> 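What follows is a single structure, and I will ask about it in a moment.
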Amino acid sequence: MKKFLLLFVGVLFVGSSIIAQDGKKAYKKANRLLGTYNLDPSANMDKLEEAKDLIGSALEDPEVEAMGKAWIVKGKIYNELVSNEMNQKLLNPEYVVKNVGYAQEAYTALKKALEVSEKKFEIKEALNQLKLTAGHISNEAITAFQDKDYNAAFKNFRSSIALDEILVAQGEESTFIDEANKKEQYFYTAISGFYAKEYEEVEPFFLKAKEMGDADPFIYEGLYNIKKETDMDAARAILEEGRAKYPDDTALLYAEINYMVAEGLLEELIVKLEDAVKKDPENISVYTTLGAVYDNLASQSLKDSTAAEGKAQMYFDKSQEWFEKALNLDESNFDALYSLGALYYNKAATFTDPLNELANDFSAEGNKKYDALKAKMDNLFDTAFPYFKKAEAINPEDMNTLLAIKEIYARKGDVEKSNEYKARLEALNTGGQ
């Protein structure tokens, strides 16, 4: 039994030795094929493809994996594959690049070469190849960004910066022409990472772009949106800094408006929104937001016993004014139509409690007051109704609109129509079943 085990171990040893030899053979052949390709690239493209397959299998061998020169060969092969396609693209702008990601393969291989190489000439060769890779990585980043493939763009822009750091650390010149070019690289890394929603990974690039001075407004906007999820104080400080530096930037203005909406800073918000109207007069959402802010203030004033007399009506009138301005821009805007209907509907609803109190007053004066107040309420419901019907025509499945119409029909005593809308609401609630 012991002899059998020894024999079995021996077989394994011989097998792994064969694998090692095959790995080295594959590496050497890949290197030879690369040389053949370089003699006549146009005639030996198949040799380069074969070399790519061979070096991939060769590097699966742990002994070859530890050889810096093997990783250099892989980097050279992938650099050549990318260069070949770039040449075709230059000759024919309609050419579609097939080997997307090959620049990353070259970068990863050459970075590994620097990690395992000890000989100076190998290190020098890896660095020279990395300089070629830098251009390929940058091109892939730009192409991906233009194609809105933000994940690939972020990966390549980030690698471009890391590659440059490697070269500079090795005493080589930066691949960036100047500081402006470097700052631009950080900027596009930040943008692509933000659109790719790589928030945790992209934050350092935003901060670096900001530190480099004269940061683009988007840097402040992006940093604010990232920070607000975890640190609102820091986010607010960034937003204030951006707004102070770029007071006319509408994106930062809207970020500030959204912050104020979330915080309920209504009075301060009005100033910002009116500023937004001046800067962006065709943006209907600003008008409807202003209408909603004044509507909110009107509701607060009705509940506030210390509010000045007439203040609620003043806010109501301003709300109505802004919603109507929105409809002047677009008469079929759902938000403006629904909001105007809700404005009148909610005001009518405020008469419910006073009417209930008057209902218990059976005097002639009490009846007179009741009838007058009910007439006002009914008039408001009648005014709200056509806005809801127009909103329904635009979005026939909006629950709030259908509910308002149902209630108005009920108040009018039209039980049949009220029940019709009740059935529609129930059908929507059950998914139409």
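All residue numbers refer to positions in the sequence shown, counting from 1. Computed from a predicted model, the values in this text were never measured in an experiment. All values below were derived from every heavy atom in this structure, side-chain atoms included, with hydrogens, water molecules and symmetry-related copies excluded.
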> Taking the side chain as everything from C-beta on, heavy atoms only, tell me whether Leu425 gets closer than 4.5 Å to Leu403.
yes
> At what distance, to the nearest 0.5 angstrom, does OG of Ser299 lie from CZ of Phe316?
10.0 Å
> With a 4.5 Å limit on heavy-atom distance, are the side chains of Lys69 and Tyr27 in contact?
yes
> Any non-hydrogen side-chain atom of Leu33 less than 4.5 Å from a side-chain atom of Leu48?
no
> So which atom in Leu59 and which in Ala70 form the shortest heavy-atom distance, rounded to 0.1 Å?
CD2-CB, 3.9 Å
> For Tyr102, check ring pair (Phe, Tyr, Trp, His ring centres under 6.0 Å) against everything at least two apart and list the hits.
Tyr78
> Looking only at side-chain N and O atoms, does Gln313 offer a donor or acceptor that is under 3.5 Å from a partner on Asp317?
yes
> Give, for atom CZ of Arg32 and atom NZ of Lys28, the distance between the pair rounded to the nearest 0.5 Å.
8.5 Å
> Crowded around Leu90 CG? As in, over 12 foreign heavy atoms under 6.0 Å?
yes
> Donor-acceptor pairs are to be reported for all side-chain atoms of residues 390-401 against protein atoms at under 3.5 Å, with residues two or more places apart or in another chain.
residue, atom, partner, partner atom, Å
Glu392, OE1, Lys389, NZ, 3.1
Glu392, OE1, Tyr421, OH, 3.1
Glu392, OE2, Tyr421, OH, 3.0
Glu392, OE2, Arg424, NH1, 2.7
Glu392, OE2, Arg424, NH2, 3.2
Asn395, OD1, Glu397, N, 3.3
Asp398, OD2, Thr401, N, 2.9
Asp398, OD2, Thr401, OG1, 2.6

> Which heavy atom of Lys47 sits nearest to which heavy atom of Thr36, and what is that distance?
CG-CG2, 4.3 Å
> Any donor and acceptor pair, going by atom type alone, linking the side chain of Asp164 with main-chain N or O of Ser160 inside 3.5 Å?
no
> How about Asp178 and Lys183: do any of their side-chain heavy atoms sit closer than 4.5 Å?
no
> With no hydrogens and no angle check, is any side-chain donor or acceptor of Asp414 less than 3.5 Å from a backbone partner on Lys417?
yes
> Which residue pairs pass the salt bridge (charged side-chain N to carboxylate O under 4.0 Å, His left out) test when at least one of the two sits in residues 325-349, sequence neighbours left out?
Glu321-Lys325
> Decide if atom NZ of Lys406 counts as having more than 12 heavy atoms of other residues, nucleotides or ligands within a radius under 6.0 Å.
yes
> Checking the side chain of Asn333 only, and the main-chain atoms of Ile284 only, is there a donor and an acceptor separated by less than 3.5 Å?
no
> State which residue, out of Lys228, Arg236, Arg243, fulfils the salt bridge (Lys or Arg N to Asp or Glu O under 4.0 Å) condition with Glu256.
Arg243
> Applying side-chain contact (heavy atoms from CB on, under 4.5 Å), name anything that partners Ala251, two or more places apart in sequence or on another chain.
Glu221, Asp249
> Minimum heavy-atom separation for Thr352 to Ala349, with atom names?
OG1-O, 2.9 Å
> Taking only distance into account, with no hydrogens and no angle test, what donor-acceptor pairs under 3.5 Å do side-chain atoms of residues 262-276 form with protein atoms, sequence neighbours excluded?
residue, atom, partner, partner atom, Å
Glu267, OE2, Tyr315, OH, 2.8
Asp275, OD1, Lys279, NZ, 2.7
Asp275, OD2, Lys279, NZ, 2.9

> Rounded to the nearest 0.5 Å, what's the gap from CG on Leu380 to CD1 on Ile408? Could you check?
10.5 Å
> Which heavy-atom pair separates Gly291 from Ser319 by the least distance, and what is that distance?
O-OG, 2.7 Å
> Please tabulate, for the side chains in residues 134-145, all donor-acceptor contacts under 3.5 angstrom to protein atoms that are two or more places apart in sequence or on a different chain.
residue, atom, partner, partner atom, Å
His136, NE2, Ser83, OG, 3.2
Asn139, ND2, Gly135, O, 3.3
Glu140, OE1, Gly101, N, 3.4
Glu140, OE2, Gly101, N, 3.4
Glu140, OE2, Ala103, N, 3.4
Thr143, OG1, Asn139, O, 2.9

> I'd like to know whether the aromatic ring centres of Tyr345 and Phe381 sit less than 6.0 Å apart in this structure.
yes
> Would you list the pairs meeting salt bridge (charged side-chain N to carboxylate O under 4.0 Å, His left out) in which at least one residue belongs to residues 105-120, sequence neighbours left out?
Lys74-Glu105
> Give the C-alpha distance, both sets of side-chain angles, the deciding distance and a yes or no for side-chain hydrogen bond (donor to acceptor under 3.5 Å, both in side chains) between Glu80 and Asn84.
CA-CA 6 Å; Glu80 288 297 335; Asn84 184 275; over 6 Å; no
> Taking the side chain as everything from C-beta on, heavy atoms only, tell me whether Met232 gets closer than 4.5 Å to Tyr259.
yes
> List the atom pairs, with distances to 0.1 Å, where a side-chain N or O of residues 193-207 and a protein N or O form a donor-acceptor pair under 3.5 Å, not counting sequence neighbours.
residue, atom, partner, partner atom, Å
Glu201, OE1, Arg158, NH1, 2.3
Glu203, OE2, Lys227, NZ, 2.9

> Once you round to the nearest 0.5 Å, how far does CG of Leu130 lie from CG of Leu114?
5.5 Å
> Using the salt bridge (charged side-chain N to carboxylate O under 4.0 Å, His left out) rule, collect all pairs that involve residues 124-138, keeping only residues at least two apart or in two chains.
Lys76-Glu125, Lys124-Glu172, Lys131-Glu172
> Is there side-chain contact between Leu340 and Gln320, with heavy atoms separated by less than 4.5 Å?
yes
> So does Tyr409 have more than 12 non-hydrogen atoms from other groups sitting under 6.0 Å from OH?
yes
> Evaluate Glu324 against Asn328 for side-chain hydrogen bond (donor to acceptor under 3.5 Å, both in side chains), listing each step before the verdict.
CA-CA 6 Å; Glu324 287 178 347; Asn328 287 336; over 6 Å; no
> So do the side chains of Val293 and Lys318 get within less than 4.5 Å of each other, counting heavy atoms only?
no
> Starting at CD of Gln129, measure out to CD1 of Ile77 and round the result to the nearest 0.5 Å.
10.5 Å
> Side chain to side chain donor-acceptor pair (under 3.5 Å) with Asp382: which residues, sequence neighbours excluded?
Lys412
> Does any pair with a residue in residues 204-218 pass salt bridge (charged side-chain N to carboxylate O under 4.0 Å, His left out), and if so which ones, sequence neighbours excluded?
Lys210-Glu241
> Between Asn181 and Gln185, does a side-chain hydrogen bond (donor to acceptor under 3.5 Å, both in side chains) hold up when you go through it step by step?
CA-CA 6 Å; Asn181 181 230; Gln185 198 80 1; 5.0 Å; no
> So, does Glu85 use its side chain to make a donor-acceptor pair with the main chain of Lys98 at under 3.5 Å?
yes
> Nearest 0.5 Å, what's the CG-OG1 distance between Leu110 and Thr133?
4.5 Å
> Compare every heavy atom of Ala113 with every heavy atom of Trp71, then report the nearest pair and how far apart it is.
CB-CB, 3.7 Å
> Locate the shortest heavy-atom distance separating Ala298 from Ala312; write the atom from each residue and the value.
CB-O, 3.7 Å
> Are the side chain of Asp147 and the backbone of Asp149 linked by a donor-acceptor contact shorter than 3.5 Å?
no
> Show every side chain to side chain donor-acceptor pair (under 3.5 Å) that has at least one partner inside residues 284-295, sequence neighbours left out.
Asn283-Ser285
